[in-house]
**Q** 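Can you read through this structure? Questions will come right after.
Quick caveat, the model's predicted, so the values are computed rather than measured.
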Amino acid sequence: MRLYSNGIFHYKLHPNTSIVIDDVDEILKFVEELGEERKYLNLYEFTENADVDVEVRNWAADSGGNKQTIADAIVIKSLAHKILGNFYLNFHKPVKPTRLFMKKEEAIKWLLKNSGQKKS
């Protein structure tokens with residue numbers, strides 16, 4: 001997990017891992033420790049067999065849960081990720097702008113466009 005000066009929070013999931021709600025709690029504690037009341041552009045980069053638990057998907061899509069987010073860009077690497085990502089977009093219908101990408105560079109451009117910032 002990295003926070004860049006342009007407001008992008010970059011999360012890279014390790015192979016064969018799954019994000020669970022306890023991970024989200026740790027991330028929120030980290031954000032609280034930053035001491036800033038601001039919103040972030042999230043860049044999720046999936047690797048082989050990485051996944052997100054259903055409880056996390058529900059939290060991320062809900063307007064009451066994920067209050068620190070401006071937009072989510074999800075970089076996928078496989079057909080399985082594409083299927084799961086499209087299911088998330090169509091079934092969970094996230095309230096924040098959310099999009100799937102095959103290339104990290106395209107995801108960053110889209111995030112920065114959603115923030116009104118220039119690429120840095």
Side-chain angles (χ1 to χ4, degrees):
M1 179 171 72
R2 287 189 170 158
L3 174 59
Y4 296 103
S5 62
N6 59 9
I8 292 179
F9 244 127
H10 181 203
Y11 307 89
K12 187 168 184 177
L13 283 74
H14 295 287
N16 304 309
T17 59
S18 182
I19 296 178
V20 295
I21 203 69
D22 289 340
D23 298 324
V24 171
D25 291 339
E26 290 297 315
I27 292 167
L28 292 175
K29 284 179 191 173
F30 175 75
V31 169
E32 251 180 56
E33 289 172 7
L34 292 174
E36 302 174 12
E37 298 236 355
R38 65 188 264 201
K39 294 185 178 189
Y40 300 96
L41 303 160
N42 295 317
L43 175 64
Y44 297 97
E45 190 174 357
F46 282 74
T47 57
E48 185 177 318
N49 296 321
D51 191 22
V52 178
D53 186 72
V54 68
E55 190 175 10
V56 175
R57 292 192 303 263
N58 289 332
W59 173 86
D62 183 54
S63 63
N66 196 357
K67 296 179 181 179
Q68 291 82 15
T69 296
I70 297 169
D72 290 326
I74 304 167
V75 180
I76 56 175
K77 300 289 183 192
S78 69
L79 178 59
H81 284 153
K82 185 174 183 175
I83 291 167
L84 291 171
N86 283 326
F87 176 78
Y88 171 69
L89 294 174
N90 293 313
F91 180 77
H92 292 278
K93 300 187 187 318
V95 295
K96 308 290 181 172
T98 306
R99 194 162 160 199
L100 302 177
F101 296 89
M102 295 299 290
K103 295 182 179 180
K104 185 167 80 172
E105 297 78 18
E106 291 175 10
I108 291 169
K109 285 180 189 176
W110 180 82
L111 283 171
L112 293 176
K113 182 178 175 186
N114 273 288
S115 74
Q117 298 179 33
K118 294 181 180 175
K119 189 175 177 180
S120 59

**Q** Identify whether Tyr88 and Val54 are in the same connected component of the hydrophobic contact network (ILVMFWY, side-chain heavy atoms under 4.5 Å).
**A**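 No, Tyr88 and Val54 fall in different hydrophobic clusters.
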**Q** Looking only at atom types and distance, does a side-chain atom of His81 sit under 3.5 Å from a main-chain N or O of Ala50, one as donor and one as acceptor?
**A**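 Here the side-chain-to-backbone pair exists.
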**Q** What orientation do Phe87 and Phe91 show, parallel under 30°, tilted 30 to 60°, or perpendicular over 60°?
**A**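 Parallel, since the angle between the ring planes stays under 30°.
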**Q** Thinking salt bridges, do Glu106 and Lys109 make one under a 4.0 Å N-O criterion?
**A**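 A salt bridge is absent here (no side-chain N lies under 4.0 Å from a carboxylate O).
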**Q** State which residues pass side-chain contact (heavy atoms from CB on, under 4.5 Å) with Tyr4; sequence neighbours excluded, sorted by chain then number.
**A**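 By the side-chain contact (heavy atoms from CB on, under 4.5 Å) rule, Tyr4 matches Arg2, Asn6, Ile8, His10.
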**Q** Please list, chain by chain and in numerical order, all residues satisfying salt bridge (Lys or Arg N to Asp or Glu O under 4.0 Å) with Glu55, sequence neighbours excluded.
**A**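 If we apply the salt bridge (Lys or Arg N to Asp or Glu O under 4.0 Å) test to Glu55, skipping adjacent residues, there are no hits.
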**Q** Looking at NZ of Lys77 and CZ of Phe46, how far apart are the two atoms once the value is rounded to the nearest 0.5 Å?
**A**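 Those atoms lie 11.5 Å apart.
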**Q** Would you say the side-chain atoms of Asn90 pair up with the backbone N or O of Asn86, donor to acceptor, closer than 3.5 Å?
**A**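 Here the side-chain-to-backbone pair exists.
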**Q** Look at the side-chain heavy atoms of Ile, Leu, Val, Met, Phe, Trp and Tyr, link any pair under 4.5 Å apart, and say whether Val75 and Leu79 land in one connected group.
**A**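 The answer is no; the residues belong to distinct hydrophobic clusters.
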**Q** Other than Leu84, which residues form its hydrophobic cluster under the rule that side-chain heavy atoms must be closer than 4.5 Å?
**A**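 Answer for Leu84: none, a lone residue.
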**Q** Identify all side-chain donor-acceptor contacts of residues 95-103 below 3.5 Å with residues at least two apart in sequence or on another chain.
**A**
unit_1	atom_1	unit_2	atom_2	d
Lys96	NZ	Thr69	O	3.3
Thr98	OG1	Lys96	O	2.9

**Q** To the nearest 0.5 Å, tell me how far Ile76 CD1 sits from Thr47 OG1.
**A**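 Here the interatomic distance stands at 13.0 Å.
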**Q** List, one per line, each side-chain donor-acceptor pair under 3.5 Å for residues 11-21, sequence neighbours excluded.
**A**
unit_1	atom_1	unit_2	atom_2	d
Asn16	OD1	Asn49	ND2	3.0
Thr17	OG1	His14	O	2.5
Ser18	OG	Asp51	O	3.4

**Q** Mind checking the CD1-CG spacing from Ile74 to Leu89? Nearest 0.5 Å is all I need.
**A**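 Rounded to the nearest 0.5 Å, the CD1-CG separation comes out at 6.0 Å.
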**Q** Could you tell me which residues satisfy side-chain hydrogen bond (donor to acceptor under 3.5 Å, both in side chains) with Asp53, sequence neighbours excluded, listed by chain and number?
**A**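 Partners of Asp53 by the side-chain hydrogen bond (donor to acceptor under 3.5 Å, both in side chains) criterion come out as none, since no residue qualifies.
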